[in-house]
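Here the structure comes first, spelled out in structure tokens, and everything after it is commentary.
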Amino acid sequence: MAAAWGLMAPGEPRRPAITSCVMSDPAVQFAATARLLDGRVVSLRCLGADDAEAVTALHQHLSDHDRYFRFFTLRPVQLPELVGKLTTPADGLCAIGAFDADRLIGVAHYVLVRDAHEDHSLGVGTALLKQLARIARAHGIERFIADVLGENHLMLMVVFDLGWRCEPADYESVRHLEIELPDFVEEAAPSATEVS
């Protein structure tokens with residue numbers, strides 16, 4: 001079975017065209033080709049152990065801009081582990097590469113995360129932060145300083161919903177928070193529902 005996407009009608013903007021072919025061999029089951037906007041045709045296929053060197057080279061030669069957008073930092077420290085994951089077949093992970101002839105020019109992958117959000121929004125972060133603050137106060141620490149991505153609304157809500165005195169400052173995409181810890185000695189002992 002083959003399918004093609006990105007065919008242009010007159011007056012439509014150019015888009016990449018992808019042709020895929022599903023075969024019985026699992027190693028090439030999802031092989032495909034794509035026509036890039038500059039007219040080149042690249043092959044798309046799952047990555048394997050033989051591609052480790054190419055994946056490493058691709059990531060080492062990224063521009064600072066591309067490296068930051070891919071890793072959220074200019075200096076990814078776990079590149080060998082990432083390359084290993086991308087080039088070792090595993091259940092729940094798929095990594096594909098785009099090849100111009102034999103040169104790897106792009107990588108995309110997904111990781112299946114099972115039940116990742118079943119425990120979110122239930123108060124786990126709040127309970128952990130409160131207990132951490134109690135321990136900190138017992139050790140004489142009166143303030144937490146935290147840097148949170150501005151788009152991490154759930155974490156920011158956890159901090160602000162506690163009602164503790166907090167002085168936020170924005171540093172581009174990061175919220176810098178100085179959180180004054182309450183005096184837990186004045187509070188009653190935590191109830192069973194807070195401890196559990």
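FYI, side chains are in, hydrogens and waters are out, and symmetry mates aren't considered; it's all heavy atoms of this structure. Keep in mind the model is a prediction, meaning the values are calculated, not measured.
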- request: Please report the shortest heavy-atom distance between P168 and L177, naming the atom on each side.
  value: CB-CD2, 3.6 Å

Counting C-beta onward and ignoring hydrogens, is there a side-chain heavy-atom pair between [X] and [Y] closer than 4.5 Å?
X	Y	value
L132	F144	yes
V148	V159	no
D51	L104	no
I105	F99	no
L44	V42	yes
E142	R137	yes
V107	I96	no
L154	M157	yes

In Å, rounded to the nearest 0.5 Å, how long is the span from [atom1] of [X] to [atom2] of [Y]?
X	Y	atom1	atom2	value
F160	I179	CZ	CD1	8.0 Å
L149	L156	CG	CG	9.0 Å
L93	T88	CG	OG1	9.0 Å
R45	T33	CZ	OG1	14.0 Å
H59	D66	NE2	CG	10.5 Å
H176	I145	NE2	CD1	5.0 Å

field: Atom CD of E53 with >12 non-hydrogen neighbours under 6.0 angstrom
entry: no

Atom CD of Q60: over 12 foreign heavy atoms under 6.0 Å: yes

query: Looking at D147 and R175, does any basic side-chain N land under 4.0 Å from a carboxylate oxygen?
result: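 Judged by the 4.0 Å cut-off on N to carboxylate O distance, D147 and R175 do not form a salt bridge.
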
Pairs of donor and acceptor atoms involving the side chains of residues 79-87, under 3.5 Å and at least two apart or interchain, shall be tabulated with distances.
residue	atom	partner	partner atom	Å
T87	OG1	V83	O	2.7

field: Under 3.5 Å: donor-acceptor pair, side chain of N152, backbone of M155
entry: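 Here the side-chain-to-backbone pair exists.
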
task: Determine which pairs satisfy salt bridge (Lys or Arg N to Asp or Glu O under 4.0 Å) with at least one residue from residues 153-165, sequence neighbours left out, and list them in order.
output: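 Found R165-E167.
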
Where at least one partner belongs to residues 55-64, residue pairs that pass salt bridge (Lys or Arg N to Asp or Glu O under 4.0 Å), sequence neighbours excluded: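 The answer is D64-R67.
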
- prompt: If you group Ile, Leu, Val, Met, Phe, Trp and Tyr by side-chain heavy-atom gaps below 4.5 Å, do L181 and I135 land in one group?
  reply: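 No, L181 does not connect to I135 through the hydrophobic network.
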
task: Mind running side chain to side chain contact (heavy atoms under 4.5 Å, CB included) on R143 and W164 for me, showing each step along the way?
output: CA-CA 10 Å; R143 174 172 63 150; W164 300 342; over 6 Å; no

